[in-house]
Amino acid sequence: MTQSIADYTTLNNGVKMPWLGLGVWKVEDGNEVVQSVEAAIRHGYRSIDTAAAYKNEAGVGDGIRNSGVPRDEIFVTTKIFNSDQGYEEALAAFENSNQKLGLEYVDLLLIHWPVKGKYKDTWRAMEKLYNNGLVRAIGVSNFQVHHLIDLMGSCEVCPMVNQVEFHPLLTQEPLRAYCRENKIQLEAWSPLMQGNLDLPVLQELADKYDKTAAQIVLRWDLQHGVITIPKSTHEERIKENANIFDFSLTQEEMEWINGLNQNRRFGPDPDNFNF
């Protein structure tokens with residue numbers, strides 16, 4: 001049971017990754033992202049999730065350096081975007097991201113989306129970066145079971161993480177089961193359903209535990225063994241999102257939340273995207 005913001009899971013290659021992190025999607029580069037990262041680290045976060053497509057890697061690097069916390073205590077994730085997929089393209093994209101971050105190495109590098117006909121070549125490039133010690137772990141994002149089966153059929157290094165849209169309205173049970181069986185750690189993006197939290201079950205539980213609906217959902221993530229990376233630019237909200245370690249949901253309450261599933265996405269469909 002996750003009991004502290006300092007708790008972590010151990011990935012299939014032995015690397016330790018915090019259960020809770022800060023996501024910075026749509027956070028503006030410069031002061032906004034720098035201040036968000038500094039605030040998160042000040043309140044105990046040790047994992048920051050960015051991406052080339054977010055265009056704020058430089059600010060993330062600045063925020064981490066400004067925090068005064070040693071680099072090896074912070075877990076940094078970035079991603080190879082669709083337009084940079086392919087073997088040589090991915091190597092060049094990583095070099096660009098690494099320079100912007102300015103942190104010497106990346107803890108976790110993900111394929112951002114499963115671009116048909118390219119993600120296997122991208123993976124080969126990431127295996128090279130991993131084997132050369134430039135990244136501590138590699139994984140994928142938005143991969144469905146069939147994408148994982150396809151990749152696992154030819155890869156030399158098994159993905160360590162699959163970051164996907166996951167929340168009470170999209171519980172992804174078959175995907176979660178496949179990842180568990182293959183020791184791939186599931187991670188949730190958009191865990192708070194882009195603010196669509198006005199659901200009676202969540203409010204009932206929030207009232208019971210004197211928490212917010214957001215805190216209930218984040219606790220539900222962790223009790224499912226899913227890493228979660230809520231995004232916020234407000235220090236009080238960043239602090240609030242981390243205040244989820246002083247209570248636990250019962251198994252019955254977990255099942256109530258599971259029962260909200262509608263297979264509903266707020267983001268793009270990994271089998272039907274055009275960017």
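Basis for what follows: all heavy atoms, side chains included, without hydrogens, waters or symmetry-related copies.
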Working to the nearest 0.5 Å, report the span between CG of Leu175 and CZ of Phe143.
-> 11.5 Å
Can His146 and Asp271 be counted as having a side-chain donor-acceptor contact under 3.5 angstrom?
-> yes
Can a salt bridge be assigned to the pair Lys55 and Asp29 using a cut-off of 4.0 Å between side-chain N and carboxylate O?
-> no
Judged by atom type as modelled, is there a donor-acceptor pair below 3.5 Å linking the side chain of Asn13 to the main-chain atoms of Arg136?
-> yes
In terms of hydrophobic clusters joined by side-chain contacts under 4.5 Å, are Leu170 and Leu218 together?
-> no
Would a distance-only check, ignoring hydrogens and angles, find a side-chain to backbone donor-acceptor pair under 3.5 Å from Asn132 to Leu134?
-> no
Could I get the full list of ring-ring contact (aromatic ring centres under 6.0 Å, His included) partners for Phe75, not counting sequence neighbours?
-> none
When hydrophobic residues are tied together by side-chain contacts of less than 4.5 Å, even through go-betweens, does Val76 share a cluster with Tyr8?
-> no
Examine distances only and state if a side-chain atom of Asn142 and a backbone atom of His112 form a donor-acceptor pair shorter than 3.5 Å.
-> yes
Do Asn56 and Thr50 have side-chain N/O donor and acceptor atoms under 3.5 Å apart?
-> yes
Within one Ile-Leu-Val-Met-Phe-Trp-Tyr cluster: Val145 and Met160, side-chain cutoff 4.5 Å | yes
Identify the heavy atoms of Leu186 and Cys179 that sit nearest to each other, and give their distance.
-> CD1-SG, 3.8 Å
Reported OG-to-CG distance for the pair Ser97 and Leu109, which is rounded to 0.5 angstrom = 7.5 Å
Would you say the side-chain atoms of Asp7 pair up with the backbone N or O of Ser4, donor to acceptor, closer than 3.5 Å?
-> yes
Atom CD of Gln215 and atom CD1 of Ile244: how far apart are they, to the nearest 0.5 Å?
-> 8.0 Å
Residue pair Ala39 / Ile238: nearest heavy atoms and the distance that separates them | CB-CD1, 4.2 Å
Could you tell me whether a side-chain N or O of His147 sits under 3.5 Å from a main-chain N or O of Gln144, the two making a donor and an acceptor?
-> yes
Take atom CG of Asp72 as the centre, draw a 6.0 Å sphere, and report whether it contains more than 12 heavy atoms from other residues, nucleotides or ligands.
-> yes
How far apart are the closest heavy atoms of Ser141 and Leu110, and which atoms are they?
-> CB-CD1, 4.3 Å
Scan side-chain atoms only and decide if Gln163 and Asp49 contain a donor-acceptor pair under the 3.5 Å cut-off.
-> yes
Between Ile257 and Leu249, is a side chain to side chain contact (heavy atoms under 4.5 Å, CB included) present by the stated rule, with each step listed?
-> CA-CA 10 Å; Ile257 299 174; Leu249 299 167; 4.0 Å; yes
Please examine the side chains of Asn241 and Arg237, heavy atoms only from C-beta on, and report whether any two atoms are closer than 4.5 Å.
-> yes
With a 3.5 Å cut-off and no angle check, do the side chains of Glu38 and Ser67 form a donor-acceptor pair?
-> no
Provide the full list of side-chain hydrogen bond (donor to acceptor under 3.5 Å, both in side chains) pairs with a residue in residues 115-126, sequence neighbours left out, each pair given once.
-> Gln85-Thr122, Tyr119-Asp150, Lys120-Asp150, Asp121-Arg124, Trp123-Glu127
Are any side-chain N or O atoms of Glu73 and backbone N or O atoms of Arg46, one a donor and one an acceptor, separated by less than 3.5 Å?
-> no
Going by atom types alone, do Glu187 and Thr228 pair a side-chain donor with an acceptor below 3.5 Å?
-> no
Please answer whether the main-chain N or O of Gly267 pairs with a side-chain N or O of Glu165 as donor and acceptor at a distance below 3.5 Å.
-> yes
Write down the atom of Gly139, the atom of Pro159, and the distance for their closest heavy-atom approach.
-> CA-CB, 4.3 Å
Supply the atom-to-atom distance Thr171 OG1 to Asn263 CG, rounded to the nearest 0.5 angstrom.
-> 6.5 Å
Would you say the side chain of Arg65 lies within less than 4.5 Å of the side chain of Asp62, judging by non-hydrogen atoms?
-> yes
Please check if any side-chain donor atom of Gln223 sits under 3.5 Å from a side-chain acceptor atom of Arg219, or the reverse.
-> yes
Asn182 vs Met152, side chain to side chain contact (heavy atoms under 4.5 Å, CB included): CA-CA, chis, key distance, verdict = CA-CA 10 Å; Asn182 289 278; Met152 300 271 279; 3.6 Å; yes
Does Phe273 have any ring-ring contact (aromatic ring centres under 6.0 Å, His included) partners at least two apart in sequence or in another chain, and if so, which?
-> Trp113, Phe275
Residue list, side chain to side chain contact (heavy atoms under 4.5 Å, CB included) with Glu255, at least two apart or on another chain = Gln251, Asn258
Asn261/Leu169 under side chain to side chain contact (heavy atoms under 4.5 Å, CB included): CA gap, chis, key distance, verdict = CA-CA 4 Å; Asn261 181 54; Leu169 298 179; 5.7 Å; no
Basic-acidic side-chain contact under 4.0 Å: Asp107, Arg71 = yes
Are the side chain of Glu32 and the backbone N or O of Glu28 linked by a donor-acceptor pair below 3.5 Å?
-> yes
For Asp84 and Ala93, indicate whether the former's side chain and the latter's backbone hold a donor-acceptor pair under 3.5 Å.
-> no
pair Leu129-Ile138: side-chain heavy atoms closer than 4.5 Å | no
Are any non-hydrogen side-chain atoms of Val33 and Val60 less than 4.5 angstrom apart?
-> yes
Minimum side-chain heavy-atom gap Trp19-Gln185 below 4.5 Å | yes
Ile229 and Leu22: side chain to side chain contact (heavy atoms under 4.5 Å, CB included), yes or no, with the steps?
-> CA-CA 5 Å; Ile229 47 169; Leu22 177 75; over 6 Å; no
CG of Leu197 to CD1 of Ile216, rounded to nearest 0.5 Å, is 11.0 Å
Validation row: Phe94, Lys128 side chains within 4.5 angstrom (heavy atoms) = no
What distance do Glu253 atom CD and Glu204 atom CD have between them, rounded to the nearest 0.5 Å?
-> 10.0 Å
Leu202 and Ala213: which non-hydrogen atoms are nearest, and at how many Å?
-> CB-CB, 4.0 Å
How far apart are the closest heavy atoms of Asp221 and Pro191, and which atoms are they?
-> OD2-CB, 3.3 Å
Contacts satisfying ring pair (Phe, Tyr, Trp, His ring centres under 6.0 Å) that involve residues 156-214 (not counting sequence neighbours) are Phe166-Trp220, His167-Phe266, Tyr209-Phe247
May I ask you to test the Ile74-Ser47 pair for a side-chain heavy-atom distance under 4.5 Å?
-> no
Answer whether the closest heavy-atom distance between the side chains of Asn96 and Lys100 falls below 4.5 Å.
-> yes
Same apolar cluster (I L V M F W Y, side chains within < 4.5 Å links), Val157/Leu11 = yes
Under 3.5 Å: donor-acceptor pair, side chain of Lys211, backbone of Asn243 | yes
Residues at least two apart in sequence or cross-chain that pass side chain to side chain contact (heavy atoms under 4.5 Å, CB included) with Asp198, listed by chain then number, are none
Out of curiosity, does Phe81 fall in the hydrophobic cluster containing Trp25 (side-chain heavy atoms, cut-off under 4.5 Å, transitive links)?
-> no
